[in-house]
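Heavy atoms only: backbone and side chains are in, while hydrogens, waters and symmetry mates are out.
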Amino acid sequence: MKKSRLLLVLTVLTYIFLVGPMLIMVGTSFSSTAAVSFPPTGFSLQWYEKAFTLPSFQRGFVTSLTVSLIGTVLAMLLGIPAAYAINKYRFRGKALVNGFFLSPTLVPALVLGFALLRSFIPRIGGSVYLGLVVGYTLIALPYIIRTTGSAMSNFDFSIEEAARSLGTPAVPAFFLTVIPNIRSGLISAFILAFINSFNDVSIGVFISSPGTMTLPTAMQSLIIGRMDPTIAAASVLLMLMTILLMTLSEKLLGIKLRR
Amino acid sequence: MALLELKNVSAGYGKNIILKDFCIDIEEGKLVSLLGSSGCGKTTTLRTMAGFIDVVKGQFLFDGQDYTRTPIHKRGFGYVFQSYALFPHLSVFDNVAFGLKRRHVNRTEIKERVTEMLTRVGLSGFEDRLPADMSGGQRQRVALARALVLKPRVLLMDEPLSNLDARLRVEMRVEIRRLQQEMGITAVYVTHDQEECFSISDQVAIMNNGRIEQMDTPMHIFNYPVNEFTARFVGFENFVPVTLENGRYVSASGTVFETDKTAPRLKAACRPDDLQLLPGHEGGIMRLRGEIVVATFLGKQMQYLVHTREGDFLVNTAAEALYAPHDPVTVCFPREKTIFTLDETPVTAP
Ligand SMILES: Nc1ncnc2c1ncn2[C@@H]1O[C@H](COP(=O)(O)OP(=O)(O)O)[C@@H](O)[C@H]1O
Ligand SMILES: [Mg+2]
C-alpha cells in the first residue's frame, strides 16, 4: 500500500517534469504579450503568425525540410544494402558492425565527426548545403539500418533464392522479393529517420552560414539575447508535426500488420 | 551418360569446406536421394548443384556442359525448399506464374500453363489464395507447381516433406514420385528419413561427413551395405570382427564364420530381426554362446540383449517370452542373412 503510494507520487512528479515545460511552452505561445510569463496573460495568435512569416524561419524550414528529405533518401540508398548484407551474410566483424548501428553511442561520435566535417567540406570546395546533406545522411543512416534491418530479420531469404532459381538475376530478385515483403519496415524507417533528422539540432550548429541555416539554428539565433514567444509557437508547430508523422506511421504499420 | 555430374568438387562456407573431392553421377530421368544424418552435407551438395554455393575446386557438369560457374538463374533447375519459400505477397496463381513471367511468356500461355499445373497438383480453385491461408501440404504443392511449371530438366528438393505430419508425408511422397515420372524429370531428393527415401528413389546415396559412403538402388543398399556405416544406417546392429586364419574367418572367441569374401579383416553383421536364439550352449559354425541380460517386450516381438564373449547383441524373436535373464543361449547368425563388411577399425597391438 505504502509502496504503491510512493510509486504514485513518483509517477506524478515525473509527469510534471515532462509535461510541465511543454505546458509552459504552449501557454507562452498563445500569450498576448512579448514577455514570457506563466500563467500566460491574455490570448493571441500573433506569435504563430510571426513564426509563419519570419523570413529566417521560412528559409530555415525549407532548408531543414530539403536537407532532411535528401539526407533520408540517401541514407535509404546506403542503409538498405547495408542492412541486407548484415542480415544475409556471415562475415568477420559482423557483431561489431551490428553493435555500432544498434547502439545510440553513434550520435555523439557523429557530432564529433561534424566538427571535422565543418572544416573539411569547405576545404574540398563543398558548400554549406552539401555539408548539411552529408550530415543529415549520416544522422538518418542508423535509423534506416536499424528499422529496415529488423524488418529483414523476419524475412526468409530462401524466398529470394526461390526467385533466383526461377530464373531471376540477383538485383531483380531483391526488388521482387525482399522489397515487397519489408514495405512497412521501409515506410517506418523513412518516417523515423526523417523526423529525427528534421528535429536534429547538432548538425545545424556546426554547419551554417547566414544564408543557409536549418530551422533549429534559425530559432537559436533568434533567441540569442532575448526570449521571444515566437520560439514557443514554432516549437509547438514542430511538435505537432512530429506527432502527426508518428501517428501516420503507426497507422500505416497497423494497416500493414492486419493484412 | 550422366545428366548431372559433380567431379572432385570441393565446396563449403568460406574456410569451412564441407564437401571435399566430392563425386556423384546422376542419370537422366532418375530420382536420386541423398540420405544421411543432420549436418552430413546433404543440403550443401544440393545447393552446390543449384549454384547457391560456389565450387571452390572441381567441376560441375550438366548434360556434358561445364556448369561450374553458371549463375543460378541461368541453370534452369527447379528447387523446392524445406521452408517452401513461397512468395508471401503473391497469390497462388502469381507464385506459380512467377518463373513464366521472368521468361516473358505471353499472358494466355501463362494462364494456360499455370491452370494446368495447378490442376496437376490438385489445387485448381485455389488461384487467388495467399500462401498464408493454406495448409502445409497445400503450400508444398504450390512450391512443386511453381518449380514444375517451367518444365525443368532437373528438380532439386531439400527435405520437402519434413514440415508435414506423418500421414501427409506418405501421401505427398507418392505424389512427388508420380509427378517426377510423368514429367520425366531428373530429381535429387534430400532427406534424413530412411523409409521415405527408399520408397521413392531409383538410387540412394548414403552420405556421411561430406562424403558418399555408398550409392546404389534402395534394395541393394538395404541388403548389401558395403561398409559398417551404411550397414548401421540400414539397421544392422550386431557386428562381429573376424580375421582370416588358415583360410577360414575366425572370431576372437574362436567361432568360425563362412563367407566368399577375401579381405584379411571383416565384420560379420546381422539385423536383430534376423539373428536366432537357441536354448542352452551349442557350438558350431556362426554360433556364439551367451547369456540373456535383458528381455524387453516390444509388442509384436520380444527383444533380448544377449551378452557373449564377442560383445552384447540385440535379438528380436517372436512375442512368446521364452527366455529370462541369466538363461544360457546360443546366438545363431543365419548364413543368408549375414553380411560381411570391411573391418576399417585400426588394428590394436596385442
Ligand atoms: N550457412 C552456413 N555457414 C556455415 N556453415 C554451415 C552453413 N550451413 C551449414 N553449415 C555447416 O555445414 C555442414 C553441413 O551442413 P548441411 O549441408 O546443411 O547438412 P545437412 O543438410 O546434411 O543436414 C554442417 O556442419 C553445418 O554446420
Ligand atoms: Mg539440410
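Side-chain atoms of B:Phe87 and A:Leu176, non-hydrogen and from C-beta on, never get closer than 4.5 Å to each other.
Proximity to chain A (any heavy atom under 4.5 Å) is restricted, for B:Phe81, to the side chain, taken from C-beta onward. Contacts of B:Ile72 with chain A are made by both backbone and side-chain atoms, with heavy-atom separations under 4.5 Å. Using a 4.5 Å cut-off between heavy atoms, B:Arg75 makes no contact with chain A at all. Interface remark: B:Arg146 contributes backbone and side-chain atoms alike to the contact with chain A (heavy atom separation under 4.5 Å). Heavy atoms of B:Leu156 lying under 4.5 Å from chain A are absent altogether.
Within 6.0 Å of OH in B:Tyr13 there are more than 12 heavy atoms belonging to other residues, nucleotides or ligands.
When all heavy atoms are compared, the tightest approach of A:Leu166 to B:Ala147 is CD2-CA, 4.3 Å.
Between atom NZ of residue B:Lys101 and atom OG1 of residue A:Thr168 there is a gap of 12.0 Å, rounded to the nearest 0.5 Å.
Residues of residues 155-164 of chain A lying under 4.5 angstrom from chain B, judged on non-hydrogen atoms, are A:Asp156, A:Ser158, A:Ile159, A:Glu161, A:Ala162, A:Ala163, A:Arg164 by number.
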